[in-house]
Amino acid sequence: MDALRRHRQAQAATRLSAPVWDDRDLVFANQVGGYLDPTDLTQRRFRAFLAAAGLPVIRFHDLRHSAATLMMQSGAHPKAVTELLGHASEGFTLQAYSHAVPSLQREAADRLGALFAAEDQADAPRTT
């Protein structure tokens, strides 16, 4: 929230100094208040942002893949990840990203093992 407030203040200063301002009530606007040019971001500015942050060069689309992978690794429900990415089905999302989350297979195996362990304990004779 602090970063967005600072951005709003900087944008207000830009608005006051601009010879013309196309007020579209955008959070992220170009230098005259209009829409950002996506190719300007992806082709010109993105590498500079990466360099300034000390990050390696990646494609802009890799951000989407990284976000999806991190959501899956954090345990986000595949339905939510599917909706955020705009995929047609959970099946596609799982097919595309489950390979990047080997912990999903480990978790499934652990849950199955816990189920069998619980059954073994339930069947064990009780000594009191």
Side-chain angles (χ1 to χ4, degrees):
M1 289 304 297
D2 289 339
L4 287 172
R5 285 185 189 101
R6 286 191 305 274
H7 174 72
R8 179 190 277 176
Q9 290 172 346
Q11 190 178 60
T14 301
R15 179 182 306 177
L16 291 174
S17 66
V20 176
W21 186 263
D22 182 12
D23 195 354
R24 297 176 181 255
D25 197 30
L26 300 173
V27 174
F28 298 101
N30 64 21
Q31 292 298 317
V32 294
Y35 295 107
L36 294 173
D37 177 5
T39 58
D40 182 52
L41 174 63
T42 60
Q43 301 300 318
R44 296 183 195 107
R45 296 182 181 206
F46 184 59
R47 286 192 179 191
F49 292 152
L50 292 171
L55 297 171
V57 174
I58 60 171
R59 296 172 305 150
F60 190 80
H61 187 78
D62 293 336
L63 296 175
R64 175 183 170 89
H65 183 74
S66 296
T69 300
L70 290 170
M71 284 187 281
M72 295 292 286
Q73 285 177 334
S74 73
H77 194 284
K79 176 83 171 149
V81 177
T82 297
E83 290 172 359
L84 285 168
L85 295 175
H87 289 165
S89 70
E90 284 179 63
F92 178 83
T93 303
L94 288 168
Q95 183 178 9
Y97 294 103
S98 65
H99 74 280
V101 190
S103 62
L104 291 177
Q105 289 84 9
R106 166 57 41 209
E107 182 181 333
D110 288 347
R111 286 181 184 211
L112 183 61
L115 179 65
F116 287 131
E119 277 192 28
D120 286 345
Q121 287 181 349
D123 292 340
R126 296 181 185 231
T127 58
T128 53

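All residue numbers in this chain count up from 1 along the given sequence. Atom set for the values below is all heavy atoms of this structure, side chains included, hydrogens, waters and symmetry mates excluded.
Looking at Leu55 and Phe49, their side chains never come closer than 4.5 Å, going by heavy atoms from C-beta outward. Residues Arg5 and Asp2 form a side-chain contact, since some pair of their non-hydrogen atoms from C-beta on lies under 4.5 Å apart. Considering only heavy atoms from C-beta on, Tyr97 stays 4.5 Å or farther from Gln73 through its side chain. Leu16 has its side chain out of reach of Trp21: every pair of non-hydrogen atoms, C-beta onward, lies at least 4.5 Å apart.
One finds the CG atom of Leu94 at 6.5 Å from the CD atom of Glu90 (value rounded to the nearest 0.5 Å). With rounding to the nearest 0.5 angstrom, the CG atom of Leu84 is 9.0 Å from the OG1 atom of Thr82. Rounding to the nearest 0.5 Å gives a distance of 9.5 Å between CZ of Arg8 and CZ of Arg15. One distance of note links CG of Asp37 with CZ of Arg44; it measures 6.0 Å at 0.5 Å rounding.
Residues Phe28 and His7 share a closest heavy-atom pair of CD2-NE2, 3.4 Å. Closest approach of Ala76 to Val81, counting heavy atoms only: CB-CG2, 3.9 Å. In this structure, Tyr35 and Asn30 approach most closely via the heavy-atom pair O-ND2, 3.2 Å. Among all heavy-atom pairs drawn from Leu85 and Arg64, the shortest one is O-NH2, 2.6 Å.
With sequence neighbours left out, Asp110 forms a side-chain hydrogen bond (donor to acceptor under 3.5 Å, both in side chains) with Arg106. Residues satisfying the ring pair (Phe, Tyr, Trp, His ring centres under 6.0 Å) test with Phe116, not counting sequence neighbours, are none.
Connection of Val20 to Leu36 is not established within any shared hydrophobic cluster, with ILVMFWY side chains joined at heavy-atom distances below 4.5 Å, either directly or through further cluster members. The same ILVMFWY cluster, assembled from side-chain heavy atoms under 4.5 Å apart, contains both Ile58 and Phe60.
At a cut-off of 3.5 Å, with distance as the only test, a side-chain donor of His87 or Thr93 sits close to an acceptor on the other residue.
Side-chain atoms of Gln31 do not come within 3.5 Å of backbone N or O of Ala18 as any donor-acceptor pair.
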Task: Phe46 and Leu63: CA distance, side-chain angles, deciding distance, side-chain contact (heavy atoms from CB on, under 4.5 Å) verdict - done: CA-CA 11 Å; Phe46 184 59; Leu63 296 175; 3.6 Å; yes
Task: From CA spacing to verdict: salt bridge (charged side-chain N to carboxylate O under 4.0 Å, His left out), Arg24, Asp22 - done: CA-CA 6 Å; Arg24 297 176 181 255; Asp22 182 12; 2.7 Å; yes
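At most 12 heavy atoms of other shown residues, nucleotides or ligands fall within 6.0 angstrom of atom CZ in Arg45.
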